[in-house]
Amino acid sequence: MKLLLVEDDAQTAEYVRRALGELGHPCDYAESGIDGLTAALTGSYDAIILDRNLPGLDGLAALTALRAQGNATPVLVLSALGQVDDRIAGLRAGGDDYLAKPFSFGELIARLEAIVRRRGGLPDSQTQLLVGSLRLDLLSRTGSRNGRQIELLNKEFQLLEYLMRHAGQVVTRTMMTEAIWDYSFNPGTNVIDVHVSRLRSKIDALGETPMIRTIRGAGYRLDAV
Amino acid sequence: MPAIVSMRSETGSLARSAALRGALWITLIALITTGAALTLQYVGTARLIEARQHALVDDEATALLGRYRDGGVLGVAGAIERAQKLPRINEFFYLLADPAGTPLAGNLVAWPANVEEPGYHTFTTEVVSTGGQPRQRRVEARAVLLEGGFRLLVGSLSDEQWVLRERYVSSILWSFLATGVLGLLLGFWYSRRGLAFLAAATATGERFLAGRLEERLPVSGVGDEYDRLAETINRSFEEVERLVSSLRAATDGLAHDLKTPLTRIRARLELAQIENATTGRLREVVTESRQDLDGMLRLIEKVLTLARAEETGGASFEWVRLDTIVAEAVELFEPVAEDKGVRLLAQINPVRMMGSPTLLAQAATNLLDNAIKYTPVGGEVRISLESGEEFARLTVADTGPGIPAELREKALLRFARLDASRSQPGSGLGLSIVSAAARVHRGMLTLSAGNPGLVVEISFKSVAAKAASVD
């Protein structure tokens, strides 16, 4: 991914760029809203990481301006303000996702990959999802693996659908909480882990290769095996 | 010395006080009413008496003038002589005088100096009573001009009018005095409750401002407007006290909970420096410190959540299905309970209410998280949402160790962990967030014993009433 980071704190920017570079994602950097807007309009990026509180042109104003120019580059809004209202404001201004500071690099990368993929992603009109030997019927809300039927409860179905739509990508616990339970808060220790481990036991029959892998310090990834 | 300050302001403001103004107005109104009533009565009576007297005098004068027509001046003089000798109920005064003013007949010694024009006049004359005592009497008389410059005066005693006037003046003075004194007294008596209340409120407010947050206004128990105001002010004071003391406790708790991991991180780093730690050891140091930092960040997040929860206002509320929120939370925690070997039983009835969905979901998840956390293997957590005409009640009961009655209040405070060493996991904010959520939704949060375990109940009032006011 070719990324643009708009962040006024030089040290944070430096760390983020180095971490993204380590992971193989070159990252341009702008220090102010104006510079960021200029760079976003002239360069070609897979995604933009945009801080909300910027000197001069504020992050959300820059984002609104960018969208007004017809630029549809995926934008991840970064902010110290992480409450529901701020989140809604960020998304309303045209952001694709919202991440509150402080964040982990794992979370940042996972979310960037998700919004980049979503742009070129699968159409919503599909009636079934296929990942390797795993099949999910969106109409009958049932799954199957290697021809074996998998009975799924409501939330298990949603969780699996989410993982399958993001197959091959890391999804974090926060992303799952937000997407499936619509909670903007952490509902408690290990709650998501319990749900994932349940889902695992349903989709992996004895002798089958586990499809959902735990990515340490980040979250989970569903792979076609 | 707030007491002295308040005393001074109390007396200093007396002249400007609303109570005095009120008393004065009441008095003034009473005075005007009394004065008007007395004056009307006086004027009416005086007119009546005057008319009666004029009628008598006119009758007498007409009779004498009849004599004048028949017998001239001499006829009049004769009639006067005769009339004077007759015993009469009404005593009349007569005087017939020639053009020079010399009396020709009558019982007056001289023509009164102030009577020059024809018509009614009032003057004073000396009358000798039957006992021989001379007395000054008021006389009202009608002067008539006869032909040739002769003048006739017919009058009668008008003491009645004078007595009436004197009575009027004295009664108006007395009643003014009485009304004034009574009005002022009643006014003060009437407003004394207000004055006392204001003085008490001012003094209490000043002591409160000076830092004595436990100060409250006296409530008389009469249940009048003053009591209602006192209760409102007291509730505000209580809220301020609660906020201040919970803030104080929170600051202490937060400082403690942040300092502990910071101390650990610092010690770990220093030790690594002193020991010239190997790369492998340094990696451990980094991992451990990161875990500590993550814990601190989670804590700060929760503190901010709580702060947000406490300042959530009704303005941001929307219509929510509490049953859906609770059901989702149950669905979320079902596998957690099952994994732990705890039965989770839910009984949920539909409830619609105005509220913050996030805050209500936080309350529900926190309650379930806590209940499952503290319930031993084989135990049970029951969650129920009941609804009635005027209420909705969310109850979470577990079969854990429960909370002793004397610690239940403390359990709701921020950062309160019931073990003094604070070594148990958890931020101690879970129940505080539940408590804040209950409060901003006007719900009552109660903790009670479950025999065994803890029962947490939030009852929301008039949910149905609110539901009825939709559209």
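The basis for the numbers below is simple: all heavy atoms, side chains too, and nothing from hydrogens, waters or symmetry mates. Proteins get letters first, then strands, A, B, ... in listed order; numbering begins at 1 in each.
- Under a cut-off of 6.0 angstrom, the local environment of CG in A:Asp137 is crowded, with over 12 non-hydrogen atoms contributed by other residues, nucleotides or ligands.
- A 6.0 Å sphere centred on CZ of B:Arg281 holds more than 12 heavy atoms belonging to other residues, nucleotides or ligands.
- Within 6.0 Å of atom CZ in A:Arg221, more than 12 heavy atoms from other residues, nucleotides or ligands are found, so the atom counts as buried in its surroundings.
- Counting heavy-atom neighbours within 6.0 Å of A:Arg18 CZ, excluding the residue itself, gives a total of 12 or less.
- Surrounding CD of A:Gln11 are at most 12 heavy atoms belonging to other residues, nucleotides or ligands under 6.0 Å away.
- Under the 4.5 Å side-chain criterion, counting only non-hydrogen atoms from C-beta, B:Asp339 is in contact with A:Arg198.
- Looking at A:His195, its side chain does come within 3.5 Å of a backbone N or O of B:Leu332 through a donor-acceptor pair.
- Rounded to the nearest 0.5 Å, atoms CZ (A:Phe185) and CG (B:Asn366) are 7.5 Å apart.
- Of all heavy-atom pairs between B:Thr358 and A:Ser184, the closest is CG2-OG, 3.8 Å.
- In this structure, A:Leu153 CG and B:Glu331 CD are separated by 7.5 Å, a value rounded to the nearest 0.5 Å.
- Within a 6.0 Å sphere centred on CZ of A:Arg173, heavy atoms belonging to other residues, nucleotides or ligands number more than 12.
- The environment of CD in B:Gln347 is sparse: at most 12 heavy-atom neighbours from other residues, nucleotides or ligands sit within 6.0 Å.
- Nearest heavy atom pair, residue B:Ala361 against residue A:Tyr183, reads CB-CE2, 3.7 Å.
- B:Ala364 does not touch chain A: none of its heavy atoms, backbone or side chain, sits under 4.5 Å away.
- To the nearest 0.5 Å, atoms CG (A:Asn186) and NZ (B:Lys302) are separated by 7.0 Å.
- Taking both residues in full, the closest heavy atoms of B:Leu297 and A:Pro102 are given as CD2-CG, 3.1 Å, listed atom of the first, atom of the second, then distance.
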